[in-house]
Amino acid sequence: MSGSLFQPFAIEQYMSENEHAVKYHFAESGVHPLTYSELFELASIDTDSLFATLVDYPQVNGIQSLREKIATMYEGTTAENILVTIGASEANTLVAAAMLNPGDNMVRFRPTYEQLSGNASNLGFEVRSVDMIESNDWALDTDALKQAVDYRSGIIHVVNPNNPTGRILSQSDRDAVIAAAANCGAWIVADEVYAGTERDSDEPTASFWGDYDRVIAINSMSKAYGLPGLRLGWLVAPVPVIEDCWRRHEYATIAATMFSMKLADAALEERAREKLRARAQLLIRRGFETFTAALDEHPGVFSVVPPQASAMSFVKFDLPVKSDEFARRLLKEEDVLVIPGSRFGVEDHFRFSSALLEDHLKAGLSRFNSLVERILAGQ
Ligand SMILES: Cc1ncc(COP(=O)(O)O)c(C=O)c1O
(Lines give C-alpha, C1' and ligand atoms only; values in the text may rest on other atoms or scores of the structure.)
Protein backbone atom coordinates (compact mmCIF):
# COMPACT_ATOMS: atom_id res chain seq x y z
CA MET A 1 0.00 0.00 0.00
CA SER A 2 1.25 3.51 -0.62
CA GLY A 3 -0.29 6.89 0.04
CA SER A 4 -1.15 8.87 3.10
CA LEU A 5 -3.03 6.16 4.99
CA PHE A 6 -0.10 3.79 5.18
CA GLN A 7 1.73 3.93 8.50
CA PRO A 8 5.37 2.79 8.29
CA PHE A 9 6.84 0.79 11.19
CA ALA A 10 8.67 3.76 12.71
CA ILE A 11 11.39 2.04 14.72
CA GLU A 12 12.15 -0.70 12.20
CA GLN A 13 12.36 1.90 9.42
CA TYR A 14 14.79 3.92 11.52
CA MET A 15 16.98 0.86 12.04
CA SER A 16 16.88 -0.53 8.55
CA GLU A 17 17.78 2.83 7.03
CA ASN A 18 20.68 3.49 9.39
CA GLU A 19 22.15 0.30 10.80
CA HIS A 20 24.26 -1.24 8.08
CA ALA A 21 27.19 1.13 7.92
CA VAL A 22 27.21 2.15 11.57
CA LYS A 23 30.14 1.24 13.83
CA TYR A 24 28.40 1.26 17.23
CA HIS A 25 24.97 -0.27 16.80
CA PHE A 26 23.17 0.25 20.10
CA ALA A 27 19.69 0.27 18.58
CA GLU A 28 19.01 -3.47 18.44
CA SER A 29 16.87 -5.05 21.09
CA GLY A 30 18.53 -8.44 21.47
CA VAL A 31 21.80 -9.68 22.90
CA HIS A 32 25.00 -9.99 20.89
CA PRO A 33 24.17 -12.94 18.59
CA LEU A 34 26.08 -16.20 18.30
CA THR A 35 28.04 -17.23 15.22
CA TYR A 36 26.89 -20.35 13.40
CA SER A 37 29.94 -22.23 14.63
CA GLU A 38 29.26 -21.21 18.24
CA LEU A 39 25.70 -22.44 17.86
CA PHE A 40 26.76 -25.73 16.27
CA GLU A 41 29.14 -26.38 19.14
CA LEU A 42 26.84 -25.25 21.94
CA ALA A 43 23.91 -27.32 20.64
CA SER A 44 26.08 -30.31 19.53
CA ILE A 45 24.66 -30.15 16.00
CA ASP A 46 25.64 -32.99 13.70
CA THR A 47 26.69 -31.12 10.58
CA ASP A 48 26.86 -34.25 8.38
CA SER A 49 23.21 -35.00 8.88
CA LEU A 50 22.26 -31.30 8.65
CA PHE A 51 24.12 -30.86 5.37
CA ALA A 52 22.51 -33.98 3.93
CA THR A 53 19.10 -32.28 4.19
CA LEU A 54 17.42 -31.43 0.88
CA VAL A 55 17.10 -27.71 0.24
CA ASP A 56 13.39 -28.27 -0.09
CA TYR A 57 10.13 -26.77 1.19
CA PRO A 58 9.71 -27.98 4.75
CA GLN A 59 6.44 -28.85 6.44
CA VAL A 60 4.52 -25.60 6.05
CA ASN A 61 3.25 -25.22 9.64
CA GLY A 62 6.65 -26.27 11.05
CA ILE A 63 8.45 -29.60 11.27
CA GLN A 64 6.91 -32.01 13.75
CA SER A 65 9.84 -32.33 16.15
CA LEU A 66 10.19 -28.56 16.48
CA ARG A 67 6.48 -28.03 17.12
CA GLU A 68 6.53 -30.85 19.67
CA LYS A 69 9.49 -29.27 21.41
CA ILE A 70 7.83 -25.84 21.51
CA ALA A 71 4.63 -27.45 22.83
CA THR A 72 6.53 -28.77 25.87
CA MET A 73 7.09 -25.15 26.88
CA TYR A 74 3.34 -24.38 27.13
CA GLU A 75 1.24 -26.42 29.51
CA GLY A 76 -1.62 -28.37 28.00
CA THR A 77 -0.54 -27.92 24.37
CA THR A 78 0.43 -30.37 21.64
CA ALA A 79 2.16 -29.77 18.32
CA GLU A 80 -1.30 -28.95 16.89
CA ASN A 81 -1.35 -25.75 18.95
CA ILE A 82 1.86 -24.44 17.39
CA LEU A 83 2.44 -22.63 14.10
CA VAL A 84 6.08 -21.95 13.16
CA THR A 85 6.56 -18.58 11.50
CA ILE A 86 9.29 -16.37 10.11
CA GLY A 87 10.13 -14.69 13.39
CA ALA A 88 7.65 -13.24 15.84
CA SER A 89 7.26 -10.60 13.13
CA GLU A 90 5.29 -12.89 10.88
CA ALA A 91 3.26 -14.17 13.84
CA ASN A 92 2.25 -10.61 14.78
CA THR A 93 1.34 -9.89 11.16
CA LEU A 94 -0.77 -13.04 10.78
CA VAL A 95 -2.64 -12.40 14.00
CA ALA A 96 -3.56 -8.85 12.96
CA ALA A 97 -4.97 -10.22 9.71
CA ALA A 98 -6.75 -13.22 11.22
CA MET A 99 -8.21 -12.06 14.51
CA LEU A 100 -9.97 -8.76 13.81
CA ASN A 101 -13.35 -8.38 12.11
CA PRO A 102 -14.81 -5.29 10.41
CA GLY A 103 -15.75 -2.73 13.06
CA ASP A 104 -13.37 -4.14 15.68
CA ASN A 105 -10.79 -2.12 17.56
CA MET A 106 -7.64 -3.27 19.29
CA VAL A 107 -5.99 -2.02 22.45
CA ARG A 108 -2.26 -1.73 22.98
CA PHE A 109 0.02 -0.22 25.59
CA ARG A 110 2.27 2.77 25.04
CA PRO A 111 5.21 2.81 24.64
CA THR A 112 5.42 -0.51 22.86
CA TYR A 113 6.74 -2.39 19.86
CA GLU A 114 4.13 -1.39 17.31
CA GLN A 115 4.21 -4.39 15.02
CA LEU A 116 0.75 -5.76 15.69
CA SER A 117 -0.92 -2.38 16.11
CA GLY A 118 0.75 -0.94 12.99
CA ASN A 119 -0.50 -3.89 10.96
CA ALA A 120 -4.00 -3.52 12.42
CA SER A 121 -4.02 0.18 11.67
CA ASN A 122 -2.87 -0.43 8.09
CA LEU A 123 -5.73 -2.90 7.71
CA GLY A 124 -8.13 -0.11 8.70
CA PHE A 125 -8.81 -1.07 12.33
CA GLU A 126 -8.99 1.43 15.15
CA VAL A 127 -6.05 1.21 17.56
CA ARG A 128 -6.53 2.46 21.13
CA SER A 129 -3.57 3.21 23.37
CA VAL A 130 -3.25 2.83 27.10
CA ASP A 131 -0.24 4.43 28.76
CA MET A 132 2.36 2.83 30.92
CA ILE A 133 3.36 5.37 33.56
CA GLU A 134 7.07 6.11 33.85
CA SER A 135 6.77 7.78 37.28
CA ASN A 136 5.15 4.57 38.49
CA ASP A 137 7.98 2.35 37.14
CA TRP A 138 6.07 1.92 33.87
CA ALA A 139 3.06 0.29 35.53
CA LEU A 140 -0.13 0.22 33.47
CA ASP A 141 -2.76 2.91 33.72
CA THR A 142 -5.43 0.37 34.60
CA ASP A 143 -8.24 2.97 34.76
CA ALA A 144 -7.44 3.96 31.19
CA LEU A 145 -7.41 0.28 30.25
CA LYS A 146 -10.94 -0.17 31.60
CA GLN A 147 -12.10 2.83 29.58
CA ALA A 148 -10.34 1.81 26.38
CA VAL A 149 -11.82 -1.68 26.15
CA ASP A 150 -15.37 -2.12 24.88
CA TYR A 151 -17.50 -4.81 23.26
CA ARG A 152 -15.79 -4.18 19.88
CA SER A 153 -12.29 -4.76 21.23
CA GLY A 154 -11.05 -7.83 19.38
CA ILE A 155 -7.50 -7.86 20.73
CA ILE A 156 -5.64 -6.59 23.76
CA HIS A 157 -1.99 -6.65 22.77
CA VAL A 158 0.60 -7.15 25.47
CA VAL A 159 4.36 -7.10 24.96
CA ASN A 160 5.59 -8.75 28.15
CA PRO A 161 8.37 -8.11 29.09
CA ASN A 162 7.88 -4.79 27.35
CA ASN A 163 9.89 -3.22 24.55
CA PRO A 164 11.22 -0.51 25.03
CA THR A 165 10.97 -0.26 28.85
CA GLY A 166 11.91 -3.78 29.92
CA ARG A 167 8.97 -3.70 32.33
CA ILE A 168 7.39 -7.02 33.36
CA LEU A 169 3.69 -6.68 34.15
CA SER A 170 3.02 -6.89 37.89
CA GLN A 171 0.53 -9.51 39.00
CA SER A 172 -2.12 -6.83 39.52
CA ASP A 173 -1.56 -5.34 36.04
CA ARG A 174 -1.71 -8.83 34.59
CA ASP A 175 -4.97 -9.48 36.40
CA ALA A 176 -6.33 -6.17 35.10
CA VAL A 177 -5.51 -7.16 31.51
CA ILE A 178 -7.22 -10.52 31.92
CA ALA A 179 -10.27 -8.95 33.58
CA ALA A 180 -10.58 -6.36 30.81
CA ALA A 181 -10.36 -9.05 28.13
CA ALA A 182 -12.78 -11.37 29.91
CA ASN A 183 -15.31 -8.55 30.22
CA CYS A 184 -15.75 -8.28 26.49
CA GLY A 185 -14.39 -11.60 25.20
CA ALA A 186 -11.30 -10.03 23.60
CA TRP A 187 -8.24 -12.08 22.71
CA ILE A 188 -5.06 -11.38 24.63
CA VAL A 189 -2.20 -11.50 22.17
CA ALA A 190 0.95 -11.79 24.26
CA ASP A 191 4.22 -11.07 22.50
CA GLU A 192 6.64 -12.78 24.85
CA VAL A 193 9.91 -12.58 22.93
CA TYR A 194 11.70 -11.10 25.94
CA ALA A 195 10.66 -13.85 28.36
CA GLY A 196 13.90 -15.45 29.51
CA THR A 197 15.86 -12.17 29.40
CA GLU A 198 15.19 -11.25 33.03
CA ARG A 199 17.87 -9.00 34.46
CA ASP A 200 16.95 -8.80 38.12
CA SER A 201 15.50 -12.27 38.65
CA ASP A 202 16.28 -15.86 37.69
CA GLU A 203 12.57 -16.58 37.33
CA PRO A 204 11.48 -16.61 33.65
CA THR A 205 8.46 -14.39 32.96
CA ALA A 206 5.37 -16.60 32.88
CA SER A 207 3.49 -16.87 29.61
CA PHE A 208 -0.10 -15.63 29.46
CA TRP A 209 -0.87 -19.03 27.97
CA GLY A 210 -3.11 -20.94 30.39
CA ASP A 211 -4.25 -17.85 32.32
CA TYR A 212 -7.37 -17.24 30.21
CA ASP A 213 -9.05 -19.21 27.42
CA ARG A 214 -8.54 -16.65 24.63
CA VAL A 215 -4.77 -16.27 24.57
CA ILE A 216 -2.40 -16.25 21.61
CA ALA A 217 1.23 -16.40 22.76
CA ILE A 218 4.04 -15.37 20.43
CA ASN A 219 7.75 -16.00 20.81
CA SER A 220 10.90 -16.52 18.76
CA MET A 221 14.57 -17.44 18.76
CA SER A 222 15.60 -13.80 18.41
CA LYS A 223 15.97 -12.41 21.93
CA ALA A 224 16.40 -14.83 24.85
CA TYR A 225 18.28 -17.26 22.59
CA GLY A 226 20.46 -14.74 20.74
CA LEU A 227 19.62 -16.16 17.31
CA PRO A 228 17.73 -13.42 15.43
CA GLY A 229 19.23 -14.39 12.09
CA LEU A 230 17.41 -17.72 12.13
CA ARG A 231 14.24 -15.68 11.50
CA LEU A 232 12.31 -18.33 13.38
CA GLY A 233 9.30 -17.71 15.59
CA TRP A 234 6.00 -19.27 16.54
CA LEU A 235 2.54 -18.69 17.81
CA VAL A 236 0.66 -20.79 20.34
CA ALA A 237 -3.14 -20.81 20.17
CA PRO A 238 -6.26 -22.96 20.21
CA VAL A 239 -6.40 -25.14 17.08
CA PRO A 240 -9.06 -23.11 15.17
CA VAL A 241 -6.91 -19.98 15.56
CA ILE A 242 -3.81 -21.87 14.42
CA GLU A 243 -5.73 -22.89 11.30
CA ASP A 244 -6.85 -19.32 10.57
CA CYS A 245 -3.27 -18.06 10.92
CA TRP A 246 -1.87 -20.99 8.94
CA ARG A 247 -4.17 -20.08 5.97
CA ARG A 248 -2.65 -16.59 5.99
CA HIS A 249 0.87 -17.99 6.44
CA GLU A 250 0.44 -19.91 3.15
CA TYR A 251 -0.18 -16.57 1.41
CA ALA A 252 2.48 -14.60 3.24
CA THR A 253 5.56 -16.81 3.26
CA ILE A 254 4.52 -20.50 2.81
CA ALA A 255 7.04 -21.58 5.43
CA ALA A 256 10.14 -20.74 7.42
CA THR A 257 13.29 -22.44 6.11
CA MET A 258 14.19 -26.06 6.84
CA PHE A 259 17.69 -24.97 7.88
CA SER A 260 16.34 -22.58 10.52
CA MET A 261 13.79 -25.07 11.77
CA LYS A 262 16.48 -27.70 12.27
CA LEU A 263 18.80 -25.28 14.04
CA ALA A 264 15.96 -24.02 16.25
CA ASP A 265 15.04 -27.61 17.02
CA ALA A 266 18.58 -28.26 18.25
CA ALA A 267 18.81 -24.95 20.13
CA LEU A 268 15.59 -25.67 22.02
CA GLU A 269 16.87 -28.99 23.42
CA GLU A 270 16.77 -28.41 27.16
CA ARG A 271 20.53 -28.27 27.76
CA ALA A 272 21.22 -25.99 24.82
CA ARG A 273 18.30 -23.77 25.76
CA GLU A 274 19.60 -23.32 29.27
CA LYS A 275 23.08 -22.46 28.02
CA LEU A 276 21.69 -19.90 25.57
CA ARG A 277 19.56 -18.24 28.22
CA ALA A 278 22.45 -18.13 30.68
CA ARG A 279 24.61 -16.52 28.01
CA ALA A 280 21.92 -13.91 27.29
CA GLN A 281 21.44 -13.10 30.97
CA LEU A 282 25.16 -12.65 31.51
CA LEU A 283 25.40 -10.21 28.60
CA ILE A 284 22.27 -8.37 29.77
CA ARG A 285 23.36 -8.00 33.39
CA ARG A 286 26.94 -7.00 32.65
CA GLY A 287 25.95 -4.66 29.81
CA PHE A 288 23.44 -2.78 31.96
CA GLU A 289 26.08 -2.16 34.66
CA THR A 290 28.54 -0.83 32.09
CA PHE A 291 25.89 1.32 30.46
CA THR A 292 24.59 2.91 33.66
CA ALA A 293 28.15 3.54 34.89
CA ALA A 294 28.73 5.55 31.68
CA LEU A 295 25.48 7.51 32.15
CA ASP A 296 26.52 8.32 35.72
CA GLU A 297 29.44 10.33 34.35
CA HIS A 298 26.90 13.12 33.77
CA PRO A 299 24.95 13.39 37.03
CA GLY A 300 21.45 14.77 36.68
CA VAL A 301 21.31 14.34 32.91
CA PHE A 302 19.98 10.81 32.55
CA SER A 303 17.44 8.75 34.44
CA VAL A 304 16.22 5.25 33.73
CA VAL A 305 13.71 2.96 35.39
CA PRO A 306 15.93 -0.15 35.54
CA PRO A 307 14.56 -2.66 33.02
CA GLN A 308 13.43 -5.88 34.73
CA ALA A 309 14.19 -7.75 31.53
CA SER A 310 15.60 -7.36 28.01
CA ALA A 311 18.83 -5.96 26.68
CA MET A 312 17.36 -2.48 26.39
CA SER A 313 17.01 0.62 28.52
CA PHE A 314 14.55 3.39 27.77
CA VAL A 315 16.40 6.42 29.10
CA LYS A 316 15.07 9.88 29.90
CA PHE A 317 17.46 12.76 29.31
CA ASP A 318 17.62 16.39 30.26
CA LEU A 319 19.57 18.02 27.44
CA PRO A 320 18.75 21.05 25.26
CA VAL A 321 18.02 18.85 22.21
CA LYS A 322 15.05 16.82 21.10
CA SER A 323 15.39 13.06 20.77
CA ASP A 324 15.62 13.10 16.94
CA GLU A 325 18.42 15.66 17.03
CA PHE A 326 20.28 13.77 19.78
CA ALA A 327 20.10 10.51 17.80
CA ARG A 328 21.03 12.27 14.55
CA ARG A 329 24.12 13.87 16.07
CA LEU A 330 25.19 10.60 17.71
CA LEU A 331 25.02 8.94 14.31
CA LYS A 332 26.67 11.66 12.24
CA GLU A 333 29.30 12.84 14.70
CA GLU A 334 30.10 9.67 16.66
CA ASP A 335 29.00 6.72 14.49
CA VAL A 336 26.66 5.58 17.29
CA LEU A 337 23.10 4.39 16.61
CA VAL A 338 20.33 4.63 19.22
CA ILE A 339 16.58 4.91 18.70
CA PRO A 340 15.07 8.31 19.44
CA GLY A 341 12.10 8.25 21.82
CA SER A 342 10.03 10.05 19.17
CA ARG A 343 9.85 6.74 17.30
CA PHE A 344 7.90 5.37 20.27
CA GLY A 345 5.87 8.58 20.63
CA VAL A 346 7.80 9.58 23.79
CA GLU A 347 10.00 12.73 23.65
CA ASP A 348 13.20 13.31 25.66
CA HIS A 349 14.06 9.59 25.67
CA PHE A 350 16.19 7.20 23.71
CA ARG A 351 16.37 3.41 23.59
CA PHE A 352 19.78 1.86 24.11
CA SER A 353 20.79 -1.77 23.83
CA SER A 354 23.71 -2.80 26.02
CA ALA A 355 23.96 -6.63 26.01
CA LEU A 356 27.03 -6.52 23.81
CA LEU A 357 30.68 -7.41 23.91
CA GLU A 358 32.28 -5.37 26.67
CA ASP A 359 35.12 -3.68 24.75
CA HIS A 360 32.85 -2.63 21.92
CA LEU A 361 30.23 -1.32 24.34
CA LYS A 362 32.79 0.68 26.30
CA ALA A 363 34.33 2.19 23.16
CA GLY A 364 30.89 3.24 21.89
CA LEU A 365 29.89 4.65 25.26
CA SER A 366 32.97 6.80 25.33
CA ARG A 367 31.89 8.24 21.94
CA PHE A 368 28.38 8.70 23.33
CA ASN A 369 29.74 10.65 26.29
CA SER A 370 31.91 12.84 24.05
CA LEU A 371 28.80 14.13 22.32
CA VAL A 372 26.99 14.62 25.63
CA GLU A 373 29.92 16.74 26.85
CA ARG A 374 29.80 18.90 23.72
CA ILE A 375 26.05 19.39 24.04
CA LEU A 376 26.43 20.36 27.69
CA ALA A 377 29.14 22.84 26.65
CA GLY A 378 26.67 24.41 24.23
CA GLN A 379 28.28 23.07 21.04
C1 LIG B 1 8.39 -7.18 21.07
C2 LIG B 1 8.94 -7.68 19.78
N3 LIG B 1 8.23 -8.55 19.06
C4 LIG B 1 8.68 -9.03 17.90
C5 LIG B 1 9.91 -8.67 17.41
C6 LIG B 1 10.38 -9.25 16.13
O7 LIG B 1 11.09 -10.40 16.45
P8 LIG B 1 11.57 -11.50 15.41
O9 LIG B 1 13.02 -11.27 15.21
O10 LIG B 1 11.28 -12.77 16.09
O11 LIG B 1 10.78 -11.34 14.16
C12 LIG B 1 10.71 -7.77 18.12
C13 LIG B 1 12.01 -7.33 17.61
O14 LIG B 1 12.60 -6.40 18.07
C15 LIG B 1 10.21 -7.27 19.34
O16 LIG B 1 10.91 -6.40 20.08
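We're numbering straight along the sequence, starting at 1. FYI, side chains are in, hydrogens and waters are out, and symmetry mates aren't considered; it's all heavy atoms of this structure. Quick caveat: nothing in here was measured; it's all calculated off a predicted structure. Each ligand, and each atom within it, is numbered from 1 in the order the structure gives.
With respect to atom 6 (C) of ligand 1, the closest heavy atom belonging to the protein is Ser89 OG, 3.4 Å.
Not one N or O of Glu12 is nearer than 3.5 Å to an N or O of ligand 1, by distance alone. For Pro228, no nitrogen or oxygen atom sits less than 3.5 Å from a nitrogen or oxygen atom of ligand 1, counting backbone and side chain alike. The shortest N or O to N or O distance between Gln115 and ligand 1 is not under 3.5 Å.
Within the listing of ligand 1, atoms 12 (C), 13 (C), 14 (O) sit less than 4.0 angstrom from a heavy atom of Lys223. Using a 4.0 Å cut-off to heavy atoms of Tyr194, the atoms of ligand 1 that qualify are 1 (C), 14 (O), 15 (C), 16 (O).
Glu126 has its side chain out of reach of Met106: every pair of non-hydrogen atoms, C-beta onward, lies at least 4.5 Å apart.
At least one heavy atom of Arg231 sits closer than 4.0 Å to an atom of ligand 1. Within the 4.0 Å heavy-atom cutoff, Glu90 does not count among the residues contacting ligand 1.
Cluster annotation: Ile216 and Val158 are assigned to distinct hydrophobic clusters (Ile/Leu/Val/Met/Phe/Trp/Tyr, side-chain heavy-atom contacts under 4.5 Å, transitive).
Both tests pass for Arg199 against the ring of Phe288: distance under 6.0 Å to the centre and angle within 45° of the axis. Cation-pi geometry between Arg273 and Tyr225 is not met: the NZ or CZ atom fails to fall both under 6.0 Å from the ring centre and inside 45° of the normal.
Between Phe350 and Phe291, the ring planes lie perpendicular to each other; the angle is over 60°, past the 30° to 60° tilted range. Between Phe302 and Phe368, the ring planes are tilted. Angles from 30° to 60° get that label.
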